[in-house]
Each structure stands twice: as structure tokens, then as C-alpha cells.
Amino acid sequence: QKEVEQNSGPLSVPEGAIASLNCTYSDRGSQSFFWYRQYSGKSPELIMSIYSNGDKEDGRFTAQLNKASQYVSLLIRDSQPSDSATYLCAVNIPRGSSFSTGKLIFGQGTTLQVKP
Amino acid sequence: GAVVSQHPSWVICKSGTSVKIECRSLDFQATTMFWYRQFPKQSLMLMATSNEGSKATYEQGVEKDKFLINHASLTLSTLTVTSAHPEDSSFYICSATRRAGGSGTQYFGPGTRLLVL
């Protein structure tokens with residue numbers, strides 16, 4: 001069973017703080033990892049993708065990948081109330097050698113609350 | 001780029017009727033489109049994967065005769081919920097991956113809320 005696990009939270013941080021969201025996955029063959037944000041009642045929105053070990057930064061967001069530990073994280077700096085949402089970690093499971101036709105396995109999501 | 005649209009955004013129907021939902025990639029050609037269902041307070045559940053010109057691949061437990069998927073072109077996939085019942089009421093979301101690139105990034109449509117009375 002290929003699984004992706006996240007702490008469901010809620011994770012509560014004050015405005016301006018760093019929010020740290022974590023995710024572990026079970027399939028060692030996974031190569032593509034994604035973080036999506038989902039506001040209540042809306043569909044998921046892509047925030048970051050990461051494929052190599054290490055850090056990847058995009059504005060206030062930093063994704064971290066450690067394939068040896070099978071661990072992906074998302075850091076949100078200077079958290080804003082508008083960041084309050086559910087954050088979904090997803091891992092691509094390729095079909096054969098194709099990632100574009102492969103499916104995403106989602107974690108249950110972590111609810112982030114940023115308090116003013 | 002990478003915009004995906006869905007139509008309609010909301011649909012209310014009577015039990016026993018069929019409902020068709022369209023998913024379009026607006027600014028790219030989609031290798032593959034995916035259909036998800038999401039119930040309140042739950043994560044996304046993949047229903048099926050469709051590729052242009054071929055039959056959809058359904059996930060275990062999803063009735064292919066009830067949820068008909070047609071992938072007519074590289075920019076359009078449709079999901080038809082046949083003989084809908086109240087338990088089919090849910091948030092249906094499609095996604096698509098680009099034809100080229102190979103990273104597996106899925107871009108999601110805004111979703112369709114189905115309420116079956």
C-alpha cells in the first residue's frame with residue numbers, strides 16, 4: 001500500500017511566524033512531490049513541486065525533500081491569515097516510466113490556522 | 001499557463017437523472033486527465049484516469065457503468081454520473097497533466113458541486 005501521511009492538525013501559528021508542515025511517504029521509488037493548498041470549498045491549488053533532495057524556495061515558501069528519510073516538508077515564512085487553509089502533500093506514482101500519466105497519492109492534509 | 005476549467009460549477013438534480021460534467025484544459029494540451037471526488041472533511045479520492053482516445057482506467061471500487069468518462073480530445077474530458085442518487089452528492093474535481101514535460105504536475109479545475117435530491 002503506497003501511502004502519504006500528514007498530521008491533520010490544526011496547526012496554529014501567529015501572524016508573521018514560520019509555519020512548518022510535514023509529510024512522509026512509503027514508496028521509495030517516488031520521484032515527484034507536490035504541495036497543494038486548498039481553501040475551504042475550493043479545489044486544490046499548486047504551491048510547489050520538488051524532485052531533488054534539498055531545498056527549493058519560491059517567495060515565502062520553501063519545500064524540503066529528503067529521499068533517504070522519505071520526508072517532504074513545506075515552510076511558510078511570514079505567515080499571513082490568508083495562508084489559513086488545508087495543505088495537501090502529494091506524491092506521483094508513475095505508470096510504467098511515465099510521470100505525466102501517473103497518479104498522485106494525497107495525504108489527508110494539514111489544516112493551518114494563522115491567527116492575526 | 002496551465003488553466004483548467006470545469007462546467008458547470010454547481011448542479012442540482014433529481015434522483016435518477018444523469019449529469020454531465022465537462023473538464024477543459026484552456027491553454028495546454030493534456031496528456032491525461034483525472035477525475036476526483038471529495039466528500040466534506042475528507043481528502044481527494046481518485047475515481048479514474050483518462051487518456052485521449054482510450055478507455056478510462058477506474059480505481060478500485062468505482063463503478064465504471066455509473067461514472068462514464070469520455071476523453072474526446074487533448075483538451076476535453078467529460079464525466080457523466082448516470083442515474084444519480086443522493087449518495088452521489090459530492091464535490092467533483094478534474095485535473096490535467098501537460099502533454100510534454102513529464103513531471104506529473106496536475107493542474108486542477110475549480111470543481112463541480114453536485115447535489116442530488
Side-chain angles (χ1 to χ4, degrees), chain A residues 1-10 21 23 25 27 29-52 56 58 63 65 72 85-111, chain B residues 1-6 9-10 21 23 25 28-54 56-60 62 71 74 90-113:
Chain A
Q1 179 79 16
K2 297 180 174 64
E3 293 183 345
V4 177
E5 296 188 0
Q6 296 180 255
N7 187 324
S8 61
L21 305 163
C23 171
Y25 60 94
D27 185 0
S30 301
Q31 299 292 326
S32 303
F33 307 87
F34 306 89
W35 283 100
Y36 288 87
R37 176 175 62 195
Q38 187 174 25
Y39 291 111
S40 180
K42 302 294 185 181
S43 68
E45 170 192 11
L46 179 67
I47 298 176
M48 297 277 288
S49 59
I50 187 166
Y51 313 111
S52 304
K56 179 181 178 182
D58 184 359
L65 174 61
V72 191
T86 296
Y87 289 80
L88 300 168
C89 173
V91 176
N92 181 280
I93 306 297
R95 293 185 199 271
S97 60
S98 172
F99 287 96
S100 58
T101 58
K103 62 183 182 181
L104 291 181
I105 304 298
F106 285 89
Q108 282 297 105
T110 298
T111 300
Chain B
V3 179
V4 178
S5 70
Q6 276 184 249
S9 55
W10 265 101
I21 302 170
C23 177
S25 56
F28 66 100
Q29 290 186 324
T31 304
T32 304
M33 289 184 167
F34 304 83
W35 287 96
Y36 295 84
R37 181 167 54 179
Q38 187 175 37
F39 293 106
K41 305 294 185 184
Q42 295 186 21
S43 192
L44 297 165
M45 185 193 82
L46 178 65
M47 299 175 66
T49 303
S50 73
N51 293 286
E52 183 255 347
S54 61
T57 300
Y58 290 82
E59 295 298 300
Q60 191 172 7
V62 177
H71 197 145
L74 284 170
S90 189
F91 189 35
Y92 291 86
I93 313 171
C94 73
S95 70
T97 55
R98 290 181 183 275
R99 187 171 194 184
S103 69
T105 302
Q106 291 186 22
Y107 301 94
F108 284 85
T112 297
R113 288 205 181 276

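Everything quoted here is computed from the prediction, not taken from an experiment. Proteins get letters first, then strands, A, B, ... in listed order; numbering begins at 1 in each.
Closest heavy-atom contact between Ile93(B) and Pro44(A): CD1-CD, 4.0 Å. Minimum interatomic distance between Gly109(B) and Ser43(A) (heavy atoms only, all atoms of both residues): O-OG, 2.6 Å.
With sequence neighbours left out, the side-chain contact (heavy atoms from CB on, under 4.5 Å) criterion links Lys56(A) to Met48(A), Ser49(A), Ile50(A). Under the salt bridge (charged side-chain N to carboxylate O under 4.0 Å, His left out) criterion, Glu5(A) pairs with no residue at all, not counting sequence neighbours.
Residues Leu44(B) and Tyr36(A) are not in side-chain contact: their nearest non-hydrogen atoms beyond the backbone lie 4.5 Å or more apart. Using a 4.5 Å heavy-atom cutoff, the side chains of Thr86(A) and Ser43(B) are not in contact.
Looking at Leu104(A), both its backbone and its side chain come within 4.5 Å of chain B, counting heavy atoms on both sides. In this structure, chain A has a heavy atom under 4.5 Å from the side chain of Glu59(B), while its backbone stays farther away. Gln38(A) touches chain B through its side chain: at least one heavy atom from C-beta onward sits under 4.5 Å away, while N, CA, C and O do not.
Residue Gln106(B) holds its CD atom at 11.0 Å from OG of Ser32(A), rounded to the nearest 0.5 Å. Taking CZ from Phe108(B) and CG from Leu88(A), the interatomic distance works out to 8.0 Å, rounded to the nearest 0.5 Å. To the nearest 0.5 Å, the span separating OG1 on Thr97(B) from CG on Asn92(A) amounts to 9.0 Å.
Contacts with chain B were tallied for Ser40(A), Ala90(A), Gly41(A), Gly109(A); Gly41(A) has the most, counting heavy-atom pairs under 4.5 Å.
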